[in-house]
Amino acid sequence: MKTEWRIFGMVGFFLVLLSPAYAAWTYYTDTTYAGPRQVEWIGTVMLLLAAALCLMCGGFFWFVSRRIDLRPEDRGDGEIADGAGEVGFFAPGSYWPVAIAASVTFTGIGLAYWMAWLITLGLTCVAAATAGLLYEFYTGSRRVAEH
């Protein structure tokens with residue numbers, strides 16, 4: 001996790017530095033019309049939000065890296081064979097992501113046409129489908145046996 005938080009931190013820091021440079025560049029090169037110069041705010045805000053997202057991911061990885069042992073890829077003397085063995089449990093397949101996508105689609109249609117009932121129904125279905133995805137292997141016939 002040491003490598004991951006450094007990469008995300010560097011990209012986030014770069015985007016933080018880039019956003020005021022982008023704002024200044026768009027201000028001083030604005031030749032679209034004869035009015036007063038303006039900053040292109042959409043790109044500037046997008047860069048700041050991308051920086052926030054990278055820094056949040058980097059902060060999460062930093063938080064986790066302090067609480068776990070060093071992985072082979074985090075050590076300078078790590079070998080490929082050190083990472084062998086069981087990695088974890090991975091789902092073989094699931095239909096719940098389709099239900100989540102359909103629910104988000106209904107919510108988006110409700111937002112586009114500003115239908116409160118469809119927004120409410122869509123958000124309820126998103127929550128139910130997300131719960132179904134999260135608890136898929138804890139209940140029912142696909143329950144995973146605990147060791």
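All values reported here derive from a predicted model rather than from experimental measurement.
- A search for side chain to side chain donor-acceptor pair (under 3.5 Å) contacts involving Glu136 returns Ser94, Arg142, not counting sequence neighbours.
- Listed by chain and number, the residues in a side chain to side chain donor-acceptor pair (under 3.5 Å) with Arg6 amount to none (sequence neighbours excluded).
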Less than 3.5 Å apart, which donor and acceptor atoms pair up between the side chains of residues 8-22 and the rest of the protein, not counting sequence neighbours?
{"unit_1": "Ser19", "atom_1": "OG", "unit_2": "Val16", "atom_2": "O", "d": "3.2"}
{"unit_1": "Tyr22", "atom_1": "OH", "unit_2": "Glu40", "atom_2": "OE1", "d": "2.6"}

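- By the criterion of side-chain heavy atoms lying less than 4.5 angstrom apart, applied directly or through intervening Ile, Leu, Val, Met, Phe, Trp or Tyr residues, Val104 is not grouped with Val98; the two fall into different hydrophobic clusters.
- Screening residues 94-132 for ring pair (Phe, Tyr, Trp, His ring centres under 6.0 Å) gives no qualifying pairs among residues at least two apart or on separate chains.
- When the shell of 6.0 Å around CD1 of Ile68 is examined, it contains more than 12 heavy atoms from other residues, nucleotides or ligands.
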Please list, one pair per line, the donor and acceptor atoms closer than 3.5 Å that link side chains of residues 119-131 to other protein atoms, with sequence neighbours excluded.
{"unit_1": "Thr120", "atom_1": "OG1", "unit_2": "Ala116", "atom_2": "O", "d": "2.8"}
{"unit_1": "Thr124", "atom_1": "OG1", "unit_2": "Thr120", "atom_2": "O", "d": "2.8"}
{"unit_1": "Thr130", "atom_1": "OG1", "unit_2": "Val126", "atom_2": "O", "d": "2.7"}

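- Counting only heavy atoms from C-beta outward, the side chains of Leu133 and Ile100 approach each other to under 4.5 Å.
- For the side chain to side chain donor-acceptor pair (under 3.5 Å) test, residues two or more places apart in sequence or in another chain that qualify with Asp77 are Arg75.
- Residues that satisfy the ring-ring contact (aromatic ring centres under 6.0 Å, His included) test with Phe137, not counting sequence neighbours, are Phe89.
- Listed by first and then second residue, the side-chain hydrogen bond (donor to acceptor under 3.5 Å, both in side chains) pairs involving residues 41-68 amount to none (not counting sequence neighbours).
- Separation of atoms CZ (Arg37) and OH (Tyr28) is listed at 7.5 Å; rounding is to 0.5 Å.
- Both Trp25 and Met46 belong to a single network of hydrophobic side chains, linked directly or stepwise wherever heavy atoms of I, L, V, M, F, W or Y lie under 4.5 Å apart.
- Within a 6.0 Å sphere centred on CG of Leu134, heavy atoms belonging to other residues, nucleotides or ligands number more than 12.
- The other members of the hydrophobic cluster of Val45, by chain and number, are Leu49 (side-chain heavy atoms under 4.5 Å, ILVMFWY only).
- Residues Trp5 and Val64 share a hydrophobic cluster, clusters being chains of Ile/Leu/Val/Met/Phe/Trp/Tyr side chains in contact below 4.5 Å.
- For Arg71, the side chain to side chain donor-acceptor pair (under 3.5 Å) partners are Glu4, Glu73, Asp74, not counting sequence neighbours.
- Hydrophobic cluster membership of Leu53, counting Ile, Leu, Val, Met, Phe, Trp and Tyr whose side-chain heavy atoms lie under 4.5 Å apart directly or via other members: Met56.
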